[in-house]
Colleague: 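Before anything else, here's the structure in question.
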Amino acid sequence: MGWLTREIEHAPCTVEISHKFESLHAHVRFNNGATVYPGDEVKVQGPEIMAAFGEVVSEDRDATIIRASGLERLWTRLTGDLEVMELCEFSFSEEATL
């Protein structure tokens, strides 16, 4: 991995989609043990997976991991905390009103 170049890696993966009242999630697990680092992009190949309400669907797919360059990884680490703070909502009042 260079400071300005990206690398592409292919990995088999398992995609799990849950559409239940208790849990609404989509997870990708790499079957070859690949790890995703800050700034990396993952594209799962294949058609869209739909799960009806109350179902959990699991499928084996191939994924393309586009590794971030060294400069992109550094930038992601430096600015990542600021972007996460945009998701937070703080209230310092005694009563919350909507």
Side-chain angles (χ1 to χ4, degrees):
M1 175 186 71
W3 275 97
L4 299 174
T5 58
R6 293 176 150 197
E7 295 179 3
I8 296 176
E9 181 180 335
H10 298 281
C13 66
T14 301
V15 179
E16 180 183 281
I17 309 288
S18 174
H19 189 188
K20 299 173 101 176
F21 180 77
E22 304 84 24
S23 176
L24 178 64
H25 68 261
H27 294 286
V28 175
R29 181 178 44 254
F30 298 108
N31 299 336
N32 66 351
T35 304
V36 177
Y37 298 103
D40 292 348
E41 297 176 29
V42 176
K43 295 181 181 178
V44 177
Q45 309 300 320
E48 182 177 307
I49 302 172
M50 296 296 291
F53 184 75
E55 289 185 353
V56 177
V57 178
S58 182
E59 289 189 15
D60 290 328
R61 298 280 180 99
D62 289 321
T64 302
I65 304 170
I66 302 170
R67 300 286 182 190
S69 67
L71 186 60
E72 289 172 322
R73 184 158 289 132
L74 178 64
W75 179 254
T76 302
R77 287 183 185 268
L78 292 173
T79 62
D81 291 338
L82 300 173
E83 292 180 14
V84 168
M85 294 304 290
E86 291 179 6
L87 299 174
C88 298
E89 181 179 329
F90 297 98
S91 176
F92 297 101
S93 62
E94 290 182 20
E95 292 183 29
T97 59
L98 298 176

Colleague: Among residues two or more places apart or on two chains, list those pairs meeting ring pair (Phe, Tyr, Trp, His ring centres under 6.0 Å) that have a residue in residues 30-49.
Modeller: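 For residues 30-49, and leaving out neighbouring residues, there are no ring pair (Phe, Tyr, Trp, His ring centres under 6.0 Å) pairs at all.
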Colleague: With the 4.5 Å side-chain cut-off for hydrophobic clustering, are Ile66 and Val44 part of the same group?
Modeller: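 In one cluster: no.
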Colleague: Report the residues that fulfil side-chain hydrogen bond (donor to acceptor under 3.5 Å, both in side chains) with Thr35, sequence neighbours left out, ordered by chain and then residue number.
Modeller: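 Partners of Thr35 under the side-chain hydrogen bond (donor to acceptor under 3.5 Å, both in side chains) test: none.
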Colleague: Using side-chain contact (heavy atoms from CB on, under 4.5 Å) as the criterion, list what pairs up with Thr79, not counting sequence neighbours.
Modeller: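 Result, side-chain contact (heavy atoms from CB on, under 4.5 Å) vs Thr79: Trp75, Glu83.
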Colleague: With sequence neighbours left out, what residues match Glu59 under salt bridge (charged side-chain N to carboxylate O under 4.0 Å, His left out)?
Modeller: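 So Glu59 forms a salt bridge (charged side-chain N to carboxylate O under 4.0 Å, His left out) with Arg61.
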Colleague: So Ser18 and Val56, side-chain contact (heavy atoms from CB on, under 4.5 Å) or not? Walk me through it.
Modeller: CA-CA 4 Å; Ser18 174; Val56 177; 3.7 Å; yes
Colleague: Holding to salt bridge (charged side-chain N to carboxylate O under 4.0 Å, His left out), I want the full list of residues that pass it with Glu55, two or more places apart in sequence or in another chain.
Modeller: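 Glu55 satisfies salt bridge (charged side-chain N to carboxylate O under 4.0 Å, His left out) with no other residue.
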Colleague: Any donor and acceptor pair, going by atom type alone, linking the side chain of Arg73 with main-chain N or O of Pro38 inside 3.5 Å?
Modeller: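 Indeed, once roles are kept as given, a pair shorter than 3.5 Å links the two residues.
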Colleague: Among residues at least two apart in sequence or on other chains, which ones pass side-chain contact (heavy atoms from CB on, under 4.5 Å) with Thr14?
Modeller: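 Once residues adjacent in sequence are excluded, the partners of Thr14 under the side-chain contact (heavy atoms from CB on, under 4.5 Å) criterion are Arg29, Asn31, Ser58, Asp60.
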Colleague: Give the table of side-chain donor-acceptor pairs shorter than 3.5 Å for residues 45-54, with sequence neighbours excluded, one pair per line with atom names and distance.
Modeller:
residue : atom : partner : partner atom : Å
Gln45   : NE2  : Lys43   : O            : 3.4
Gln45   : NE2  : Thr64   : OG1          : 3.0

Colleague: Show the nearest heavy-atom pair for residues Asp62 and Cys13, with the distance to one decimal.
Modeller: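 Looking at all heavy atoms of both residues, the shortest contact is C-SG, 4.2 Å.
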Colleague: Mind checking whether Leu24 and His19 have side chains closer than 4.5 Å, heavy atoms only?
Modeller: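 Yes, at least one pair of side-chain atoms sits under 4.5 Å.
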